[in-house]
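So the structure is just underneath, and the comments pick up after that.
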Amino acid sequence: MRSLLCLLALTLSSCMTVSVQPARTAALNFSGPAPDVVILGMSGHCAPPCAAPSDNYDLLAHAGTLDRLADAVAAAGLSVQVAGYTSNAQESYSSARISPPQRGWPALRRDYARLREEWEDNPPRVVLVGHSHGVPWLHQLVRQFPEQPVAALLDIDGVCELWNLDHRAALLELPPDLRGQPDIALACQPLPGAPWVGSSRLGPKDLVPWHVERGLEVHSVQGGYVPDPAGNYPINVFWDRTPNVRPDGSRQGLTVGHSVLEGHSRLADSQSRGVRWLAQELGRLAHEWKAQEEKRRWQLKKGRRQTSAISPELSLIHKRQPGA
């Protein structure tokens with residue numbers, strides 16, 4: 001049994017003694033003007049010799065995945081900032097196996113709430129990306145803030161196996177305001193009244209609310225031997241088994257890809273086929289956003305020209321109309 005648990009943990013993500021490298025893309029900075037796009041990443045479970053969740057680290061930044069996605073956005077001519085978080089119930093924590101200190105759920109939730117508070121007049125488009133255990137956190141986060149539009153939600157092989165074992169007890173010790181509603185402690189629990197998917201009910205991990213404009217997800221090879229020799233482990237034990245759905249059961253605006261040559265851990269790397277596909281799709285979306293922004297600016301400029309062309313006499317008449 002112990003050897004089986006080790007094998008299960010090994011497939012979730014690579015983790016050794018690590019000096020975690022930050023993303024080279026500009027970091028999330030609330031003290032300056034809003035970028036066009038903000039990318040927030042939530043990494044998942046580490047693997048032996050680490051002890052999850054205390055040794056979980058920002059793999060998506062360290063592996064260059066956040067940068068690859070940010071580069072796809074920047075190539076469309078949009079400014080972008082990124083921030084990475086880890087699968088942990090603590091705001092900030094340190095470990096003998098990782099440095100510097102990492103940021104968990106409370107930090108993610110706080111920063112997410114600040115996006116609209118700090119940049120209410122010019123909110124950036126928001127892209128969320130999660131890997132493995134990182135996906136349940138993000139899906140529940142999105143449900144907690146229905147007033148915050150999400151331009152794109154990117155799932156890299158989201159799973160719930162071992163998630164409750166790692167986090168539920170620690171989350172239940174947090175005050176309600178840090179857990180939020182729907183309760184983050186229920187992120188890997190079946191949703192009451194939700195449809196059945198196979199032998200289990202649909203959970204938050206596989207639900208994409210309507211205020212998420214686009215959903216992109218990629219799944220690893222479904223079990224067994226991993227054909228790609230570049231993979232970290234030869235056997236794939238965990239993989240996302242359920243494509244995401246909307247609250248009405250449809251898949252409108254949702255796209256799923258299957259990386260049939262890559263395992264669960266390899267899939268999170270910036271050079272994986274799965275991440276390259278996500279970056280390509282995100283780049284297409286970014287070009288659409290750029291075109292929309294240019295159209296909006298043109299309409300505003302056109303409106304200002306029309307306003308300035310109004311004669312002083314007509315302008316005076318318009319000003320007097322409310323009192324007529």
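Count residues from 1 along the sequence. Since we're looking at a predicted model, the values are computed, not measured.
Side-chain atoms of Arg109 come within 3.5 Å of backbone N or O of Asp177 as a donor-acceptor pair. At distances below 3.5 Å, at least one donor-acceptor pair connects side-chain atoms of Ser43 with backbone N or O atoms of Leu59. Between the side chain of Thr25 and the backbone N or O of Gln81, no donor-acceptor pair lies under 3.5 Å. Checked by atom type and distance alone, the side chain of Ser79 never pairs as donor or acceptor with a backbone atom of Pro35 at under 3.5 Å. Side chain of Arg168 to backbone of Trp163: no donor-acceptor contact under 3.5 angstrom is found.
Contact annotation: the side chain of Val208 never approaches that of Arg251 to less than 4.5 Å [non-hydrogen atoms, C-beta and beyond]. Here the side chains of Asp269 and Val275 are not in contact, with every heavy-atom distance at 4.5 Å or above. Using a 4.5 Å heavy-atom threshold, the side chains of Pro136 and Met42 count as separate. By the 4.5 Å heavy-atom criterion applied to side chains, Phe30 and Leu115 are counted as neighbours. Counting heavy atoms from C-beta on, the side chains of Arg24 and Asp71 come closer than 4.5 Å. By the 4.5 Å heavy-atom criterion applied to side chains, Asp36 and Trp289 are not counted as neighbours. Looking at heavy atoms from C-beta onward, Val127 lies out of side-chain contact with Arg125 at the 4.5 angstrom threshold. Leu128 is not listed as a side-chain neighbour of Trp137, based on a closest heavy-atom distance of 4.5 Å or more.
The line from CG of Asp157 to OG of Ser132 is 7.5 Å long, rounded to the nearest 0.5 Å. Atom CD of Glu217 is separated from atom CG of Asp206 by 7.5 Å, given to the nearest 0.5 angstrom. Distance check, rounded to the nearest 0.5 Å: CG of Leu154 to CG of Leu138 gives 10.0 Å. Between atom CG of residue Leu186 and atom CG of residue Asp183 there is a gap of 4.5 Å, rounded to the nearest 0.5 Å.
When hydrophobic clusters are built by joining Ile, Leu, Val, Met, Phe, Trp and Tyr residues whose side-chain heavy atoms come closer than 4.5 Å, directly or via intermediates, Leu40 is grouped together with Leu153. Cluster annotation: Val38 is not connected to Leu66 through the hydrophobic network of ILVMFWY side chains, with a link wherever side-chain heavy atoms come within less than 4.5 Å.
Among residues at least two apart or in separate chains, ring pair (Phe, Tyr, Trp, His ring centres under 6.0 Å) pairs with a member in residues 139-158 are Tyr112-Phe145.
A salt bridge links Glu293 to Arg296: one of the charged nitrogens lies within less than 4.0 Å of a carboxylate oxygen.
Of the N and O atoms on the side chains of Asn56 and Thr86, not one donor lies less than 3.5 Å from an acceptor on the other residue.
Aromatic ring centres of His167 and Trp105 lie farther apart than the 6.0 Å criterion allows.
Listed here is the closest heavy atom pair of Ala89 and Ala170: CB-CB, 3.8 Å.
Residues satisfying the ring-ring contact (aromatic ring centres under 6.0 Å, His included) test with Tyr93, not counting sequence neighbours, are none.
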| task | Please report the C-alpha distance between Arg276 and Arg68 in whole Å, then the side-chain angles of each, then the deciding distance to 0.1 Å, and finally whether the side-chain contact (heavy atoms from CB on, under 4.5 Å) criterion is met. | result | CA-CA 8 Å; Arg276 293 203 305 267; Arg68 179 143 208 159; 3.4 Å; yes

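Ring planes of His45 and His133: perpendicular class, angle over 60° (limits at 30 and 60°).
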